[in-house]
Number of protein chains: 2
Amino acid sequence: MSVHREIRTQMQDCGDCPIRHRAVCARCEADELAQLEQIKYYRSYQAGQTVIWSGDKMDFVASVVTGIATLTQTMEDGRRQMVGLLLPSDFVGRPGRSYAAYDVTATTDLVMCCFRRKPFEEMMGSTPHIAQRLLEMTLDELDAAREWMLLLGRKTAREKIASLLAIIARRDASLKQPRTAATMTFDLPLTREEMSDYLGLTLETVSRQMSALKRDGIITLDGKRQVTIPSMDALMDETGDDSDGGYLV
Amino acid sequence: MSVHREIRTQMQDCGDCPIRHRAVCARCEADELAQLEQIKYYRSYQAGQTVIWSGDKMDFVASVVTGIATLTQTMEDGRRQMVGLLLPSDFVGRPGRSYAAYDVTATTDLVMCCFRRKPFEEMMGSTPHIAQRLLEMTLDELDAAREWMLLLGRKTAREKIASLLAIIARRDASLKQPRTAATMTFDLPLTREEMSDYLGLTLETVSRQMSALKRDGIITLDGKRQVTIPSMDALMDETGDDSDGGYLV
DNA sequence: GATCTGCCTTGATGCAGATCAAAAAGGGAA
DNA sequence: TTCCCTTTTTGATCTGCATCAAGGCAGATC
């Protein structure tokens, strides 16, 4: 089936972009793909660069291809809270909204696949798959946000750190290593300050708790950023989470 | 146009149910409405009753018709965090998930409009409007969750209380009073304990901060539950929020 | 190699909110 | 009315994390 093959070939350059990948391409809708191709473009950002400021005009929606971006809210007096961590395939922006609601920042080098907003919205109207796929992704993000609310509202500093490490480790594991490895090693993509913005702590507390987890043998640090987790189970014991919790389908 | 009129008539009994109201009925899609009618039923709950427990099988999705429900997460040791406050027209449950992820509780007497999940999902596949409407609603909830993350992570106890009061007051205002009233009065639908679960505080702290706001003339209490706000501006000054913040379109 | 600069760690101290405890205020029911 | 029970308030004390303040370390620049 040549259309199928053609799409597969074109898919390469878009990485994990969910719009093409899952909503469109998985169903081999060549027309939709062609349409999307026309309104699509790529943008790259260096680590630390700001993608867009809260309140700025935003005439695109996008999905992360490679790298990590963050969504942050800032209060007038400078207090900051991270409200989203965007990994490859995550979606940024919102159909029907023309201004950014959050600061979007690249924490690593970042490539995004952008779609001009207006034509994208029009396409959504005529292409049910896209709205359905977006709905699924948004519901996942809502679940993640609610898990984070529990963390912010009720967990101790140590539990917060352990939870963050577990999330990063789990994501990394699904990308790289088979699920077998008892020991796992990864690079922290966040500075201590970014971690503190995510966890609702100060960077000093983050640093102290990292040291404490190290002292207690839950983690090993190689340099400031490389983390080794000897036992994922031991880490999970520190998160305060239910040990099972696997009912989410 | 008789179809239109018929739909309007049938709408009455479903209150603010967004599925019929906005996604379906607003477009006068009589077929969809007929389909929805077949898979729909109502359920009532008394104040305090649990609608469903986290982890329970959930073979329906629903929307709140009247009353208020809450979504709560509980940790093994009993720490609780409310992660959602469901008002009339809000949606509960998730297409594609057969188990509840949160405890759902009626905080006031509650009527819900339920749809059997499987047929609802099938309908979503064939009826684009519904997925699009659900997407919109879910994006709104995601924004609300992210605002709540800022509150949980970075606001002081006093700011948290003021923010909650402001949210309830604003909702109430849009239902009842014209936007003109400088003074506004409403009943708190939550106990001190529920407020504390929502805000990530203890009930003692909630009580103390309510007393403090009263002492400072920001609010007046008549009994435990009826709140009067002499000046909405004065209350907003206590929330820590940007005074404008009106860029969200 | 020396110096700089941006992270990160560690220490000392303070305070907001938690915890523990008890009294007060409602609000039904009899 | 009185009693009982739940919810709320208030008080005393404790503590986890924030705040303030030095250093330490590793990678860049000269």
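What you see below is based on every heavy atom in this structure, not just the backbone, and it leaves out hydrogens, waters and symmetry mates. Throughout, a chain's letter reflects where its sequence line sits, starting with A, and its residues are numbered from 1.
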| query | Who does D/dC14 pair with, Watson-Crick or G-U, both distances under 3.5 Å? | reply |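 Base-paired to C/dG17.
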
Separation of [X] atom [atom1] from [N] atom [atom2], in whole Å?
X	N	atom1	atom2	answer
B/Leu201	D/dC17	CG	P	15 Å
A/Leu221	C/dC8	CG	P	11 Å
B/Gln226	C/dG26	CD	P	13 Å
B/Leu213	D/dT10	CG	P	13 Å
A/Glu159	D/dG16	CD	P	12 Å

| Quick one: which of C/dA18, D/dC17, C/dC8 gets closest to the side chain of B/Thr202? |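 Among C/dA18, D/dC17, C/dC8, the one nearest the side chain of B/Thr202 is C/dA18.
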
| query | Listed by chain and number, what are the side chain to side chain donor-acceptor pair (under 3.5 Å) partners of A/Arg208, not counting sequence neighbours? | reply |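 With sequence neighbours excluded, A/Arg208 shows a side chain to side chain donor-acceptor pair (under 3.5 Å) to no residue whatsoever.
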
| query | Can you find a donor-acceptor N/O pair under 3.5 angstrom joining the side chain of A/Glu204 to the base of D/dC20? | reply |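 Flag set: donor-acceptor pair detected.
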
| query | D/dG16 base to A/Arg208 side chain: any donor-acceptor pair below 3.5 Å? | reply |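 No, the side chain and the base share no sub-3.5 Å donor-acceptor pair.
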
Any [X] side-chain nitrogen or oxygen under 4.0 Å from OP1 or OP2 of [N]:
X	N	result
A/Arg225	C/dC8	yes
A/Thr205	D/dA18	yes
B/Ser207	D/dT10	no

| said: By nearest heavy atom, map B/Leu203 and A/Ala157 onto DNA chain D; which one lands nearer the 5' end? | reply: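 Between the two, 5'-proximity favours B/Leu203.
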
| said: Which is more 5' along DNA chain D, the nucleotide nearest A/Lys224 or the one nearest A/Gly200? Just name the residue. | reply: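 Going by which nucleotide is closer to the 5' end, it is A/Gly200.
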
| task | Using atom types as modelled and distance alone, determine if a side-chain donor or acceptor of A/Arg192 lies under 3.5 Å from a backbone N or O of A/Lys224. | result |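 Yes; at least one donor-acceptor contact below 3.5 Å.
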
| message | Using modelled atom types and a 3.5 Å cut-off, is there a donor and acceptor pairing between side-chain atoms of A/Glu159 and backbone atoms of A/Glu238? | response |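 Here the side-chain-to-backbone pair does not exist.
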
| field | Smallest separation among heavy atoms of B/Phe186 and B/Leu165, with atom names | value |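 Shortest heavy-atom separation between B/Phe186 and B/Leu165 comes out as CZ-O, 4.0 Å.
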
